[in-house]
Amino acid sequence: MTGSSGAGYNAAEGIPPKKGNRFMNVRVRYAPSPTGLQHIGGIRTALFNYLFARSLGGKFILRIEDTDRERFDSTALQDIYDSFAWLGIRWDEGPDQDGPHSPYFQSERQASYVAAAHELLEKGHAYECFCTSDRLESLRAEQSEGKSAALGYDRRCRDLTDEDRAQLRRENPHPVVRFKTPLEGDAVFEDMLLGRVKRKNKDISPDPVLLKSDRFPTYHLANVVDDHSMEISHVLRAQEWLPSTALHILLYRAFDWEMPVFCHLPMVMGKDGQKLSKRHGATSLIEFRRRGYLPEAVINYVALLGWAYDDSREFFTLEELEKFFDANKLNKAPAVFDYTKLDWFNGNYIRECDDTRLLKLMTPFVEDAGIRATAEQLQQALPLIKERMKRLEEAPELLGFLVGAPADYPAEELIPKKMDASHTIRVLEGVVGLLDGLSARSDEENEERFRALAEQLDTKLGNVLMPLRVAVTGSKVSPPLFGSIRLLGEEQARLRVHAALQKLKSMLG
RNA sequence: GUCUCCUUCGUCUAGUGGUUAGGACACCGGGUUUUCAUCCCGGCAACAGGGGUUCGACUCCCCUAGGAGAUGCCA
């Protein structure tokens with residue numbers, strides 16, 4: 001890899017997207033840094049990039065921004081692959097999907113950044129800075145204390161003489177390269193979503209670092225160099241990047257490169273209106289997986305964060321989104337992540353899920369909870385709990401009564417309203433007789449028999465079934481009773497009813 | 001502090017000068033039902049405020065307020 005003249009990719013001679021023809025050759029990228037787990041906000045950004053590309057017949061590229069070797073985390077890298085594999089989102093070019101602009105790890109493109117930095121140095125758009133981290137730190141401390149107007153680097157090394165530099169290099173042989181932010185003028189660009197955004201150059205970060213002392217680039221440099229060399233046509237990223245876009249504009253200008261089209265997506269917030277973070281709930285995709293969300297629910301919900309198709313439709317498959325996505329329908333305002341609505345989507349997808357697949361998805365959750373159930377049992381249980389689950393993680397608690405004893409419950413739970421213990425005892429004693437052959441009978445038939453029993457005991461059906469339900473499941477809330485007993489087995493049910501009777505009797509003393 | 005962006009029901013949103021401001025989640029009622037859930041019906045609830053422009057503003061412009069983000073040898 002020898003920078004712009006290296007083999008493998010051409011950093012300097014990237015073909016600029018043709019003006020007025022931008023949608024003809026759409027190339028977008030998602031550029032995560034492997035420093036942490038994939039955040040749901042990042043997923044949203046990736047999704048929108050992917051959909052944008054797909055809807056326009058363009059290419060979606062994955063680029064790993066691993067220029068911070070101190071925070072690099074290989075689990076985080078794996079998490080990127082796992083996350084998108086789970087979602088079913090694939091890139092056209094990326095680390096594991098070779099393309100014309102390989103490599104797709106920034107750490108492997110280092111030479112091109114060094115070359116780019118040198119180009120800027122030569123053109124007079126950048127300079128070497130010998131200030132130590134310590135000095136910068138104390139500078140920052142001073143500035144924040146004395147609420148001074150100017151924040152940031154004080155440009156001490158901006159106008160060094162050759163002599164100064166030679167001298168300083170002896171003390172610090174590892175200078176950084178800083179951008180020479182113009183003091184006058186403006187940086188203006190046309191955001192696809194936001195329209196014209198203008199910033200005075202003097203308000204832009206004063207001389208940010210482009211090349212670190214370890215010769216790795218900062219985000220600003222690497223991002224611009226790669227977007228250019230990879231012929232990225234559109235940059236869709238979260239609005240938190242908006243402030244640094246002005247700087248990027250200046251960099252494109254300094255390199256004399258054509259700019260991609262920018263589109264700054266609204267951010268994803270927590271309930272309190274702050275950037276979505278751990279204290280709001282799950283934020284990493286893997287947590288959503290672990291809680292039992294289906295990928296299609298996550299995709300569907302997240303797609304609707306800052307985007308809407310029309311005034312009524314809200315269910316979409318990935319394939320449909322690929323067709324319908326339209327950047328013109330993007331919203332500008334930040335969106336609050338609503339876990340409740342995600343649950344609602346997920347419940348819908350669970351209900352619509354094919355039983356075979358659902359069984360497969362559900363099994364690990366059940367097993368992890370220590371429930372010993374055969375595949376057949378689970379299969380039979382499925383229809384009973386399917387429409388009661390919002391998340392797969394709820395399966396174990398819905399099925400809990402199948403394993404070991406039912407949850408312990410107070411004897412009072414057995415007694416329906418307006419009834420007493422002895423009355424309830426009579427009910428349960430009557431119920432025992434109906435247990436025989438219950439499994440073989442249809443629900444309708446069973447219901448008839450219990451109804452008859454209720455009449456005989458001069459009470460309502462509910463007052464017969466509720467004590468039985470509590471006796472069998474340990475709870476007033478359960479999946480349909482007859483089906484549950486069928487799963488449990490008549491014998492086990494009988495034992496539980498007897499246990500319940502004991503409870504009631506000891507209550508009477 | 002400075003800069004930038006944002007502002008329709010609690011939340012996600014539709015709306016592109018003339019609408020009883022629509023839908024969804026949540027919530028509250030009611031119905032179906034062996035509990036719960038599902039399902040069905042109904043209800044509550046919004047254009048941040050002030051100026052313009054216009055015959056007419058949620059829609060266009062300005063200001064104010066509020067919110068958010070950025071201000072690193074992190075991305």
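Each chain gets a letter, A, B and so on, in the order the sequences are listed, and its residues count up from 1. A quick note: this is a predicted structure, and the numbers were derived from the prediction, not measured. Only heavy atoms go into these numbers, but all of them, side chains included; no hydrogens, no water, no symmetry mates.
- For the C1' atoms, the distance linking B:rA21 with B:rG15 amounts to 8 Å, nearest Å.
- Among the atoms of the strands shown, none is found under 4.0 Å from any heavy atom of A:E137.
- Residue contacts for A:V176: at a heavy-atom cut-off of 4.0 Å it reaches a base atom on one of the strands shown.
- Contacts of A:P32 with the nucleic acid, taken as non-hydrogen atoms under 4.0 Å apart, are absent.
- As judged by a 4.0 angstrom heavy-atom cut-off over every strand, A:L305 is placed among residues touching the sugar-phosphate backbone only.
- Each of B:rC74, B:rU35, B:rC73 was ranked by its minimum atom distance to the side chain of A:S213; first place goes to B:rC73.
- In this structure, A:H220 and A:P206 both approach RNA chain B, and ranking their closest nucleotides by distance from the 5' end singles out A:P206.
- Nucleotides B:rU13 and B:rU8 have their P atoms positioned 9 Å apart, rounded to a whole Å.
- A sub-4.0 Å separation between OP1 or OP2 of B:rC12 and a side-chain N or O of A:R44 is absent.
- Nearest to the side-chain atoms of A:P480 among the listed nucleotides B:rC5, B:rU38, B:rU34 stands B:rU34.
- A:K271 forms no cation-pi arrangement with A:F337, by the criterion of a distance under 6.0 Å to the ring centre and an angle within 45° of the ring axis.
- Closest to the A:L194 side chain, of the nucleotides B:rA68, B:rU34, B:rC6, is B:rC6.
- Atom CG of residue A:D73 and atom CD of residue A:Q78 lie 11.0 Å apart, to the nearest 0.5 angstrom.
- At a threshold of 4.0 angstrom between heavy atoms, the contacts of A:K476 include nucleobase atoms, whether or not backbone atoms are also involved.
- If you check every strand for non-hydrogen atoms under 4.0 Å, A:Y153 touches nothing.
- Nucleic acid contact for A:K386: none, since no nucleic acid atom lies under 4.0 Å from a heavy atom of the residue.
- Using a 4.0 Å heavy-atom distance criterion, A:R313 is classed as making no nucleic acid contact.
- In this structure B:rU71 sits in a base pair with B:rG1, meeting the Watson-Crick or G-U test at under 3.5 Å.
- Within 4.0 Å of A:M389, counting heavy atoms only, lies no atom of the nucleic acid at all.
- Taking the C1' atom of each, B:rU59 and B:rU19 are spaced 12 Å apart, rounded to whole Å.
- Between the CG atom of A:D207 and the P atom of B:rU71 there is a distance of 16 Å, rounded to whole Å.
- OP1 or OP2 of B:rA75 has at least one side-chain nitrogen or oxygen of A:K212 nearer than 4.0 Å.
- Phosphate proximity of B:rU38 to A:R388: absent, as no side-chain N or O sits under 4.0 Å from OP1 or OP2.
- When each of A:G273 and A:Y219 is assigned the nucleotide of RNA chain B bearing its nearest heavy atom, the one mapping closer to the 5' terminus is A:G273.
- With B:rC36, B:rG22, B:rA70 as the candidates, the nucleotide lying closest to the side chain of A:D311 is B:rG22.
- Using a 4.0 Å heavy-atom distance criterion, A:N331 is classed as a sugar-phosphate-only contact.
- Residue A:L399 contributes atom CG, which lies 15 Å from atom C1' of B:rC36 at whole-angstrom precision.
- Residue contacts shown for A:T67 are limited to sugar-phosphate atoms, with no base heavy atom under 4.0 Å away.
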*Just do the salt bridge (Lys or Arg N to Asp or Glu O under 4.0 Å) check on A:R279 and A:D272 with the steps written out, would you?*
CA-CA 10 Å; A:R279 53 171 219 286; A:D272 58 0; 2.7 Å; yes

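- Distance check on atom P: B:rA46 versus B:rG22 gives 11 Å, rounded to whole Å.
- Atom CG in A:D66 sits roughly 14 Å away from atom P in B:rC74 (whole-Å rounding).
- Between B:rU20 and B:rC47, the distance separating the two C1' atoms is 15 Å to the nearest Å.
- Between B:rA68 and A:Q274, a contact under 4.0 Å exists linking OP1 or OP2 to a side-chain N or O.
- Of the residues A:M192, A:R237, A:K332, the one that meets the side chain to side chain contact (heavy atoms under 4.5 Å, CB included) test with A:H264 is A:R237.
- Cation-pi check for A:R313 over A:F315 is not met; the charged atom does not lie both under 6.0 angstrom from the ring centroid and within 45 degrees of its normal.
- Phosphate proximity of B:rG69 to A:K275: absent, as no side-chain N or O sits under 4.0 Å from OP1 or OP2.
- Rounded to a whole angstrom, the distance from the P atom of B:rU53 to that of B:rU11 is 33 Å.
- The nearest whole Å value for the distance from the CZ atom in A:R486 to the C1' atom in B:rU34 is 13 Å.
- A:S33 comes within 4.0 angstrom of the backbone, heavy atoms only, and of no base.
- For A:R351 against B:rU38, no side-chain N or O and base N or O form a donor-acceptor pair under 3.5 Å.
- Counting any heavy atom pair closer than 4.0 Å across all strands shown, A:L304 reaches sugar-phosphate atoms only and no base atom.
- Taking the centre of each ring, A:Y219 and A:W241 come in below the 6.0 Å mark.
- One can place CG of A:L211 at 19 Å from P of B:rG72, the figure rounded to the nearest angstrom.
- Within the nucleic acid shown, A:P217 comes within 4.0 Å of sugar-phosphate atoms alone, with no base atom in reach, counting heavy atoms only.
- Atom P of B:rG18 sits at a distance of 44 Å from the matching atom of B:rU32, rounded to the whole Å.
- Between the NE2 atom of A:H264 and the C1' atom of B:rA75 there is a distance of 14 Å, rounded to whole Å.
- Put simply, CH2 on A:W307 is 17 Å from P on B:rC12, counting in whole angstrom units.
- Residue A:K341 places none of its side-chain N or O atoms closer than 4.0 Å to OP1 or OP2 of B:rU13.
- From A:H125, atom NE2 reaches atom CG of A:L210 across 11.5 Å, with rounding to the nearest 0.5 Å.
- The line from OH of A:Y409 to NZ of A:K476 is 12.0 Å long, rounded to the nearest 0.5 Å.
- The distance between atom CD of A:E70 and atom P of B:rA75, rounded to the nearest whole Å, is 10 Å.
- Between A:Y301 and A:F345, the two ring planes are tilted [angle within 30° to 60°].
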